[in-house]
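For ligands, and for the atoms within them, numbers begin at 1 and follow the listed sequence. All of these numbers come straight from a predicted model, not from anything done at the bench.
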Amino acid sequence: MKRILLLGIILTFIFSSSCKKSPVSTIPVPISPIVIPPVVSNKKLIEVANFKIGAAVKVASLQSDAEFANTVKSEFNQITAEYEMKMNFIWTADNTYDFSKVDYLVDFAQQNSKSVHGHTLLWYQSFPDWLKNAGYDTVAFEGKVKTYIQTVVGRYKGKIVSWDVANEIFNDDGTLRVESQIQGRFKDPIGFVGRCFKYAHDADPAAKLFYNDYNVVLATGKRTAMKNMALRFKNAGVQIDGLGEQFHYRISTSQSQINSGFADLANSGLLIHISEADCKVNVNDSPAYVITDADKQKQSDFFKNIVTLYNALPANQKFAITTWGVTDKSTWLRNSTNGNKEYPLLFDESYIKKPAYAGFLAGLQ
Ligand code: G3I
């Protein structure tokens, strides 16, 4: 009996307390609307970026691979020849030039409202054999190169808006690369390079002129040598507009090293071109490599970081971010060693956007 009485008291207490009206405000508290960030996944890089989004292209792919050409048309607004605009592909013999591939690329760009970045007038790897073996002395050699630059830059005056005048003349420690054509011939190789910048400027005064190299944000000596060369050119009245950092890196590359080196490069005050961006995932070049979601995310984070860095540049230092290729299918990084198991770009073999594309887009926000 007592238990029933106690239960009754307890139930009464519970019921009566739950029925008490807790004091409530009589003025409705406004609830701030939840801000749903705009869905950016359907945005294109070229719709969001306030600088050019470039890609290295193979002319043969533009001509024969419709998906390649259509992806270039819809996703990029600047193109660079991956190899067809190099000296050994154009300058087939003294006074003999093959402009067929370059003409096709420039016409494609004009028909599709793309800019063309010329790569590259001087590169130790692309001097043609006939020139190297011609036995020219230094003066004659420079005379031939001057004619080449005037002919090529002059032909595309107003159509190719920028050039890598010189590519990869320094070692990582800032010393000059030891090779026979530039460093081996000239007592003052940088003086020769400066005159080539002048030959290019005289042939097309409106073109933006760059020096291009790799490992720049990681190699302090190379970066310093580049900045010193640019300063020497400026002080001598030689036109140089920008520095290209190729950005061939990997998911294991230190982000903090990239960030600090990039800041130092930007201190040059020149246009900065991330000129050949790709991000290796198969860091051990293993033929047995299988890409994982974790590696895809690291690659996405890589692109988000470098694009965030680039996007933070002052407007007058922004030029372009160029990826070295369009699709993993035809990246230069696939080879017999890694069994073609490399996936460094923004689009996969089927031209589907990868998490790397989303990372790039996030860096633009
Ligand atoms: O596919 C053609 C073939 O049809 C033709 O018969 C043959 C004639 O030699 O050439 C073949 O093309 C080769 C092309 O790669 C295939 O993509 C070229 O021989 C070969 O020279 C070319 O190599 C290029 C390399 O520079 C040298 O020019 C790579 O594509 C290109 O990715 C690479 O790019 C360099 C940058 O210019 C500078 N920074 C480093 C970067 C990677 O090495």
Side-chain angles (χ1 to χ4, degrees), residues 54-65 68-69 72 76 78-93 96-102 104-105 116-132 148 152 160 162-172 177 179 181-182 193 209-219 222-223 226 242-250 253 272-280 282 285 306 320-338 340 342-347 349:
V57 299
K58 294 180 175 68
V59 171
S61 300
L62 287 181
Q63 292 171 320
S64 61
D65 183 335
F68 183 95
V72 172
F76 300 93
Q78 181 166 293
I79 56 178
T80 299
E82 188 165 356
Y83 64 94
E84 298 90 340
M85 287 176 66
K86 290 165 184 169
M87 198 185 264
N88 56 331
F89 277 91
I90 294 177
W91 202 11
T92 52
T96 308
Y97 304 91
D98 177 1
F99 289 115
S100 58
K101 298 288 191 299
V102 188
Y104 184 92
L105 183 145
V116 178
H117 177 72
H119 173 80
T120 175
L121 294 173
L122 287 180
W123 186 27
Y124 73 94
Q125 286 194 24
S126 59
F127 283 108
D129 290 342
W130 70 263
L131 177 67
K132 290 189 285 191
Y148 171 78
V152 174
I160 295 180
S162 52
W163 282 97
D164 288 337
V165 174
N167 184 53
E168 302 175 16
I169 70 166
F170 294 113
N171 295 310
D172 280 1
R177 179 186 295 276
E179 47 76 29
Q181 298 314 317
I182 300 176
V193 172
L209 304 181
F210 287 79
Y211 173 76
N212 191 55
D213 216 320
Y214 64 86
N215 233 27
V216 179
V217 293
L218 303 186
K222 177 180 281 187
R223 188 170 65 246
M226 287 169 60
L243 298 174
E245 153 58 292
Q246 294 175 12
F247 264 88
H248 292 296
Y249 292 118
R250 52 188 58 202
T253 305
I272 303 298
H273 183 197
I274 292 184
S275 58
E276 306 182 15
D278 46 31
C279 179
K280 276 177 68 75
N282 183 0
D285 273 336
I306 70 169
I321 294 181
T322 299
T323 57
W324 204 244
V326 174
T327 159
D328 291 342
K329 181 176 72 169
S330 53
T331 175
W332 70 286
L333 287 168
R334 289 190 171 186
N335 55 51
S336 53
T337 308
N338 62 28
N340 289 331
E342 188 53 74
Y343 313 89
L345 295 166
L346 304 180
F347 293 88
E349 292 93 332

Legend entry - Heavy-atom side-chain contact between Trp324 and Leu333 under 4.5 Å: no

Legend entry - Straight-line distance of Thr331 OG1 to Tyr343 OH, nearest 0.5 Å: 11.5 Å

Legend entry - Test: Lys222 cationic atom under 6.0 Å from Tyr214 six-membered ring centre, within 45° of axis: yes

Legend entry - Side-chain heavy-atom pair Asp328, Glu342 within 4.5 angstrom cut-off: no

Return all side-chain donor-acceptor pairs below 3.5 angstrom for residues 80-87, not counting sequence neighbours, or 'none' if the list is empty.
| unit_1 | atom_1 | unit_2 | atom_2 | d |
| --- | --- | --- | --- | --- |
| Glu82 | OE1 | Lys58 | NZ | 2.7 |
| Glu84 | OE2 | Val59 | N | 2.7 |
| Lys86 | NZ | Glu82 | O | 3.0 |

Inset, instruction - Mind telling me whether Trp130 and Trp91 have parallel, tilted or perpendicular rings, with 30° and 60° as the class edges? - result: perpendicular

Atom pairs and distances, ligand 1 N/O vs protein N/O under 3.5 Å:
| unit_1 | atom_1 | unit_2 | atom_2 | d |
| --- | --- | --- | --- | --- |
| ligand 1 | 26 (O) | Lys86 | NZ | 2.8 |
| ligand 1 | 28 (O) | Lys86 | NZ | 2.8 |
| ligand 1 | 30 (O) | Glu82 | OE2 | 3.4 |
| ligand 1 | 32 (O) | Glu82 | OE2 | 2.6 |
| ligand 1 | 32 (O) | Trp324 | NE1 | 3.0 |
| ligand 1 | 34 (O) | Trp324 | NE1 | 3.3 |
| ligand 1 | 37 (O) | Lys86 | NZ | 2.6 |
| ligand 1 | 37 (O) | His119 | NE2 | 2.7 |
| ligand 1 | 39 (N) | Glu168 | OE2 | 3.1 |
| ligand 1 | 39 (N) | Gln246 | OE1 | 3.1 |
| ligand 1 | 39 (N) | Gln246 | NE2 | 3.4 |
| ligand 1 | 39 (N) | Glu276 | OE1 | 2.8 |
| ligand 1 | 39 (N) | Glu276 | OE2 | 3.3 |

